[in-house]
Amino acid sequence: MTVFVIRRLLQSLVVLAATAAIVFVGVYAIGDPAEMLIAPDATPAERAQVEASLGLDRPLPAQFLTFVVNALHGDLGRSFVFNQPSISLILGRLPATLELAFVAIVIALALGIPLGLLAGLKPRSATDEAIMTGSILGFSLPNFWQGMMLIMIFSVWLGWLPSTGRGTTGTIFGVETSLATWDGLRHLILPAVNLALFKLALVIRLTRTGVRETMPLDFVKFARAKGLTERRIVLVHVLKTIMVPLVTVIGMEIGSLIAFGVVTETIFAWPGIGKLLIDSIMRLDRPVVVAYLLVVVSLFIVLNFTVDVLYSILDPRIRVGRGA
Amino acid sequence: MSTPTQRLAVAAIALVTLGGPALAADLVIGTATEPSAMDPLFSRTGPNQNIAMQIFDRLVQPDVNLGMHPGLAESWTNLDPTTWRVKLRADARFHDGKPVTADDVVFSLERARNVPNSPAPFSNNVSGVTGLKALDATTLEVKTAEPTPDLMERIGFVYILERAAAEGKSLQDYNKGDGTIGSGPYRFKEWVPGDRVVLTRNDAYWGKKPEFDTVTIKFISNDAARVAALRSGAVDLIDGVPPADLPTLEKTQGLKVHTTASARLIYLALDGTRDESPFVTDLAGKPLTPNPLKDVRVRTAIARMINTPAIVDRVLNKAGVPAGQLVPEGVQGHDPALKPIAFDLEGAKKLLAEAGYKDGFGLTIHSSNDRFAGDKDIAQALGQMLSRGGIKVNGVVTQPYNVYAGAATKQTFSAFIFSLGNTTPTSGPGLRNLFMTNDPKAGTGGFNRTRYSNPAFDKALTEALSTFDEKQRLAGIQAATKLVFADMPIVPLYWQTVSWASKANIAYEANMSEDTSAALASVAK
């Protein structure tokens, strides 16, 4: 286990270093940040002043070297646009994204597993057909369009739910969150559903496939022969077996929910990190883009690791650190 | 039949219902862009100024046509070519109750020069100023290095902070509201980055009384989502209405659209200076020297091939006004004699033949595709029009603005679409940035991406801009404008039309500078 952790850690450092270098150079190749930042009627003197104060007048290798030296001291640079440490900008927006991802994944699991079980236990029944057809919609309709439709139906026509912004936040255990207030919850519903729909479809399909594969297996027949109730067989033994693929996929999907909820956050004007990323790319705010991707890569590394450990708990046959 | 009492009761009820909202109304604005800081002098870009202008005052105030009116400065006189005396109004007070004094103005103007790490500083506004002195509480003396007739157009647009509250404050302090104390119609309450800014009414405002108790400005960058937020009633007013949505919104009951032609010119820049231009070819696709775009007849021919009214009509849903110069009517420096260039295919072909390109030449058109409404569609339309005019269009290439802008500045393109928003009372600064010889030392030609250089024009404009007599100055600017457009270094296409949309009970002053501010909104009578 220790060897496994150390090896993972070293691999992660290499990945982080490579990401930093690629993104740094990549943003440089896109265009000139000064061009995006200065006022539309700036004079050449103002432009020169901006380039000098942000260090953009220096050659790329020199800029990169400064970045690396500062990064090793724990400083990922200041945003060109906001003049604030980029890492604190990202951490400031992170709670909004985390709560959105959390609620979305809860919706996906709370609805997806029961629906998937229903469909899997009664294959080719009307219920199964209805659930599977519904899940195709979740899969195939573009996220962007789904979001607009949710807004049109629930905000514009029915007027039930707000369509934009985060609403009032409250504090739970010292964390500022929309989950603490009624207004915040109302604001959370539409974006969370929008984010959850795709994952919901995914969970339904994974669960259904798992059930279909597991039900004909010997241990289920044996359990039946032993006289266990169908309820116990499905909810304890079958469910536990199908959790392994579910945990793998969901673990990775949580990462993508947090890191790339850009579309949902943009449509619902949700002040999370996805929106910060897209704005920063458009404005070539290089320190923020680099810091963001480093944070995201770290996130995926942690998630990967957690998934691997969870594996071994769910399935005792798998041992972390042996073989591949 | 109704008794006088009944009639009185009806009138009273009507008064209450009509007058009610005006007494205690809140306003929620959905805006497309987001500020980057609450320090009004941190960035001169539009999104930051939109917030700053509601909290802070300036020495002068612009009207909807960019015209300049007294703001905190009541009057100003020019004692000698380099000395100015500015008289402040005595009744202006900061949000903490202290009077606005000449010393606060000195502090703000000095600070404008040096805001740490500012990505878009106000430094040019104060660049020529060599001395600032508060003679008494309401009198300010300004010395400049050189005669600067447009001094008030420069220092006049710097936001005035309170020295006692703002001195020594960091950007983080301003963002939290510490030091964010102005004398404007609304007070700063809070900023939630990515989500909203909240302002409250300043009852002691010296100017037109602000109408709303609380103003919430929500940042909704996605066009469709912003329109949906208005339609769902979540916001009262939105800016940046996409042209495609205008017809629907106009027809929707309970909503109103507020439209004006802006001073943002969309133009086609032509690389008419280099002997060889990267995207100009002969008919076989080989580089062509000399570059035909150097010939004014070719540039004029291209201008005549473009049917701007058709573009505005079909591509832009009428959200534009065909242009023949830099600024539209109403902005000082506009020359009524300069009409939009008439569409004239035969004339264009004749000019091409005269210039020796009877069979045309090869050209690629470049444009951004996410900068302003319809930019990529216009590029396609121009491609078709130019090829009908006898030019072999090798291609139409569009790029995201963050890639495109830098490339255009580096002279990567031959014919490219760009925009310039005028925010100043006269077209002078725009002309200087766009057409004067690119000379970083002299501070001219900052956005002269074609490197156009015409000594006669440079001389005419420099002279005009250093003339103190207002009438003569404008006449000089107009003469310079004529000079430059006879040369056609760029083909002016159209001025963008900008729109706001609101609930029917909200009135809004659509303005040329594209400002979105609660001070411009009111409860509709």
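Letters A, B, ... are given to chains in the order of the sequence lines, protein chains preceding strands, and every chain is numbered from 1.
- Here the CZ-CD distance, from F122(B) to E46(A), works out to 9.5 Å after rounding to the nearest 0.5 Å.
- When all heavy atoms of P44(A) and T444(B) are compared, the pair lying nearest together is CG-O, 4.0 Å.
- Residues of residues 151-160 of chain A having a heavy atom under 4.5 Å from any heavy atom of chain B, listed by number: I151(A), M152(A), S155(A), V156(A).
- By the neighbour-count criterion of 12 heavy atoms within 6.0 Å, atom CZ of F372(B) is densely surrounded, having more than that number from other residues, nucleotides or ligands.
- For A228(B), the parts sitting under 4.5 Å from any heavy atom of chain A are the backbone and the side chain alike.
- In this structure, no portion of A37(B) lies under 4.5 Å from any heavy atom of chain A.
- Ranked by heavy-atom pairs under 4.5 Å with chain B, the list G31(A), S53(A), A96(A) is led by S53(A).
- Rounding to the nearest 0.5 angstrom, the gap separating the CG atom in L284(A) from the CG atom in N402(B) is 4.5 Å.
- For P193(B), the parts lying near chain A are the backbone and the side chain together; criterion is any non-hydrogen pair under 4.5 Å.
- Heavy-atom minimum distance, G194(B) versus R93(A): N-NH2, 3.7 Å.
- Interface residue R196(B): only side-chain heavy atoms are found under 4.5 Å from chain A.
- Among residues at least two apart or in separate chains, side-chain hydrogen bond (donor to acceptor under 3.5 Å, both in side chains) pairs with a member in residues 27-39 of chain A are D32(A)-R47(A), E35(A)-R47(A), E35(A)-T409(B), E35(A)-R449(B).
- Put simply, of S221(B), A405(B), P440(B), P400(B), the one with the most heavy-atom pairs under 4.5 Å next to chain A is A405(B).
- Counting non-hydrogen atoms of neighbouring residues, nucleotides and ligands closer than 6.0 angstrom, the NZ atom of K189(B) reaches no more than 12 such neighbours.
- Both the backbone and the side chain of N117(B) come within less than 4.5 Å of a heavy atom in chain A.
- Of the listed residues (G147(A), A48(A), A42(A), A45(A)), the one with the most heavy-atom contacts under 4.5 Å to chain B is A42(A).
- What you find for P121(B) and Q49(A) is that their closest heavy atoms are CG-OE1, 3.6 Å.
- Here CG of N124(B) is found 11.5 Å from CD1 of I38(A). Values are rounded to the nearest 0.5 Å.
- Under the 4.5 Å side-chain criterion, counting only non-hydrogen atoms from C-beta, R226(B) is not in contact with T164(A).
- In terms of heavy-atom pairs under 4.5 angstrom with chain A, the leader among D195(B), N175(B), D439(B), T45(B) is D195(B).
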### Message
For M282(A) and D370(B): C-alpha separation, side-chain torsions, deciding distance, then whether side-chain contact (heavy atoms from CB on, under 4.5 Å) applies.
### Response
CA-CA 10 Å; M282(A) 302 302 284; D370(B) 56 0; 3.1 Å; yes
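- Atom OG1 of residue T33(B) and atom CG of residue D279(A) lie 10.5 Å apart, to the nearest 0.5 angstrom.
- Neither the backbone nor the side chain of S419(B) comes within contact range of chain A, judged by heavy atoms closer than 4.5 Å.
- In this structure, the separation between CG on D39(B) and CG on N83(A) is 10.0 Å, given to the nearest 0.5 Å.
- Heavy-atom distances place no part of L230(B) under 4.5 Å from chain A, backbone and side chain included.
- Smallest separation of non-hydrogen atoms from Q172(B) and P85(A): NE2-CD, 4.2 Å.
- Summarising the geometry, atom CD1 belonging to I220(B) is positioned 13.5 Å from atom CH2 belonging to W270(A); distances are rounded to the nearest 0.5 Å.
- In this structure, chain A has no heavy atom under 4.5 Å from any part of R264(B).
- With a threshold of 4.5 angstrom between heavy atoms, N48(B) does not approach chain A through any atom at all.
- For a residue to count as touching a neighbouring chain, one of its non-hydrogen atoms must lie under 4.5 Å from one of that chain's; by this rule S163(A) touches chain B with the side chain only.
- Residue with the most contacts toward chain A among P116(B), A442(B), G446(B), S123(B): S123(B) (heavy-atom pairs, distance under 4.5 Å).
- Heavy atoms closer than 4.5 Å to chain B are found in both the backbone and the side chain of Q84(A).
- Taking both residues in full, the closest heavy atoms of F42(B) and V81(A) are given as CE2-O, 3.1 Å, listed atom of the first, atom of the second, then distance.
- Here the side chains of F80(A) and P119(B) are not in contact, with every heavy-atom distance at 4.5 Å or above.
- No part of P429(B) comes within reach of chain A, as not one of its non-hydrogen atoms sits under 4.5 angstrom from that chain.
- Annotation for A120(B) and L37(A): closest pair CB-O, 3.6 Å, computed over non-hydrogen atoms.
- Within the 4.5 Å cutoff, side-chain heavy atoms of K275(A) are placed close to those of E34(B).
- In terms of heavy-atom pairs under 4.5 angstrom with chain B, the leader among M148(A), R78(A), E51(A), E265(A) is M148(A).
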